Protein chains: 2
Amino acid sequence: MSARAASRAAVPPPEAKASRRQILDCAARLFREQGYAAVSLRDIAAASGMKAGSLYHHFVSKEEIVAEMLNIGVQTVFGEVRRAIEAAGDVPAAHLIETAVRAHLRSIFEFGDYTGASIRIFGHVPARVRDATIGERDAYERYWVALLARGARLGDLRGDIDLTLLRLFLFGAMNWALEWYKPGRLDLDGIARQLGEIILHGAAPVRAPPANRRVRRTGQTAKP
Amino acid sequence: MSARAASRAAVPPPEAKASRRQILDCAARLFREQGYAAVSLRDIAAASGMKAGSLYHHFVSKEEIVAEMLNIGVQTVFGEVRRAIEAAGDVPAAHLIETAVRAHLRSIFEFGDYTGASIRIFGHVPARVRDATIGERDAYERYWVALLARGARLGDLRGDIDLTLLRLFLFGAMNWALEWYKPGRLDLDGIARQLGEIILHGAAPVRAPPANRRVRRTGQTAKP
DNA sequence: GTCTATAAAGGGATAGAC
DNA sequence: GTCTATCCCTTTATAGAC
């Protein structure tokens with residue numbers, strides 16, 4: 001993201017007006033909480049400490065506000081996941097997947113409202129806004145495609161698993177957390193660990209044990 | 001829902017006005033496609049072949065329309081899942097989970113728009129509507145809680161898996177399909193089978209002993 | 001049971017004063 | 001850069017004719 005920052009517009013130049021970002025902060029929070037259509041420009045303006053008309057000094061329309069917010073949201077989670085993966089170094093793909101899951105979840109719940117709003121309202125914004133922001137989302141999805149393809153190539157993923165479906169199931173399990181996760185009740189790392197464990201090894205007890213494998217029965221309850 | 005119609009309430013009594021259901025049909029389709037706030041009563045009326053004012057002969061408010069639609073959606077998927085489970089009879093819990101997944105996905109994509117709209121817009125409706133419909137959703141969730149608890153009791157699920165998280169991940173993976181599934185491109189049964197396979201047995205090859213995980217494991221993968 | 005007409009409120013967007 | 005004032009349109013909801 002660093003080399004092509006200008007052409008990708010991933011990070012606004014530091015000269016950008018502070019209020020522009022401040023408005024986006026408020027918009028992201030409101031969109032995340034209430035959805036796109038339910039939030040009016042008057043709401044965003046009030047949350048930003050100004051009047052509705054003043055918004056038009058910073059943005060040309062409501063659609064521009066939401067489009068920029070959506071892009072920042074995807075770029076945020078993309079950046080966090082990529083950073084976590086690169087920091088993980090050369091480890092088994094299975095571990096990379098758990099790392100990516102943890103970074104994705106962290107982005108959703110610990111890095112402001114952009115990512116959460118981005119996920120929740122993307123399907124509800126006008127088609128024009130979707131078209132204008134689909135590119136950033138595709139870039140992020142392609143990163144996961146490559147991540148899973150690498151795992152399959154190295155033999156860390158079963159050959160009979162559809163990688164497209166695996167990715168979509170993962171995204172679903174993670175993004176749906178927006179509908180139930182409340183900070184403080186459950187540990188984010190624990191959630192990431194459980195999801196990684198289930199996705200990689202399954203929720204069922206170990207299947208027919210291979211040749212030299214001990215059967216682990218610890219924690220299993222006997223049939224009544 | 002007025003009466004405890006057959007205690008299942010999945011289907012309204014035949015005496016109910018036809019137009020009432022017809023209006024709900026149109027509302028469900030529009031809500032599913034565009035979200036709650038983006039659909040006006042004029043839109044619903046036009047799709048129903050009438051004018052906005054006429055809707056008030058059947059419903060007292062937009063909120064009543066959406067609340068009833070939400071309840072029908074949940075009751076539909078609940079009824080389908082329960083029917084599938086009861087038809088499956090006495091089989092291993094692992095098989096029941098795949099059966100429930102298939103029924104849930106079928107309800108979303110093959111039984112009209114109620115279920116899909118119900119899932120997509122629940123988080124975006126006014127709090128009053130959520131409060132008025134949360135009971136039906138809880139009933140459906142409790143059914144899954146019991147299903148998974150039964151699997152754990154019978155030893156078909158690992159003891160170290162958090163059943164609450166497992167359920168939430170499953171719901172996420174299934175419900176998120178609304179954001180990507182297009183009829184005709186992928187087979188619903190195939191999707192259900194893959195999700196069941198991943199959730200139960202994992203996407204990684206059979207777990208290797210801690211030490212020598214670089215060993216080739218050709219032929220070890222069980223083909224379903 | 002559906003219509004037209006309309007009320008009352010709020011939506012996005014613009015113009016011009018300061 | 002923010003304000004007030006306003007335009008024009010849409011929204012939910014109501015009233016009463018047919």
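Everything quoted here is computed from the prediction, not taken from an experiment. Below, chain A is the first sequence line, B the second, and so on; all start at residue 1.
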Checklist entry - So, B/Asn175 versus B/His104: side-chain donor-acceptor pair below 3.5 Å or not? => result yes
Next on the checklist: In this structure, how many angstroms lie between the C1' atom of D/dT2 and the CG atom of A/Leu41, rounded?
Outcome noted: 16 Å
Checklist entry - Once you round it to whole Å, what is the distance between P of C/dG12 and CD of A/Glu64? => result 15 Å
Next on the checklist: Regarding B/Ser118 and B/Arg137, do their side chains bring together a donor and an acceptor under 3.5 Å, going by distance alone?
Outcome noted: yes
Checklist entry - Is the phosphate of D/dG1, meaning OP1 or OP2, less than 4.0 Å from a side-chain N or O of A/Ser54? => result no
Item to check | Donor-acceptor contact present, side-chain A/Ser107 to main-chain A/Ala103, <3.5 Å | outcome: yes
Checklist entry - If only side-chain N and O atoms of B/Ser40 are considered, is one of them under 4.0 Å from the OP1 or OP2 phosphate oxygen of D/dT11? => result yes
Next on the checklist: I'd like to know if A/Arg29 pairs up with A/Asp113 as an ion pair, taking the criterion as any Lys NZ or Arg NE/NH1/NH2 lying under 4.0 Å from an Asp or Glu carboxylate oxygen.
Outcome noted: no
Checklist entry - Counting any heavy atom closer than 4.0 Å, what does B/Lys51 reach on the DNA or RNA strands: base, sugar-phosphate only, or nothing? => result base
Item to check | Separation of D/dC3 C1' from A/Arg42 CZ (nearest whole Å) | outcome: 14 Å
Next on the checklist: Less than 4.0 angstrom between a side-chain N/O of A/Tyr56 and OP1 or OP2 of C/dT14, yes or no?
Outcome noted: no
Checklist entry - Between D/dG1 atom C1' and A/Met50 atom CE, what is the distance in whole Å? => result 8 Å
Next on the checklist: Using whole Å, what does the distance between atom P of nucleotide D/dT14 and atom NZ of B/Lys62 come to?
Outcome noted: 15 Å
Item to check | Spacing of B/Leu55 atom CG relative to D/dT12 atom P, expressed in whole Å | outcome: 10 Å
Checklist entry - Expressed in angstrom and rounded to an integer, what is the separation of B/Asp43 atom CG from C/dG11 atom P? => result 18 Å
Next on the checklist: Could you tell me how far apart A/His58 (NE2) and C/dT14 (P) are, to the nearest whole angstrom?
Outcome noted: 16 Å
Next on the checklist: At less than 4.0 Å, is any side-chain N or O atom of A/His57 found next to OP1 or OP2 of D/dC3? Yes or no.
Outcome noted: no
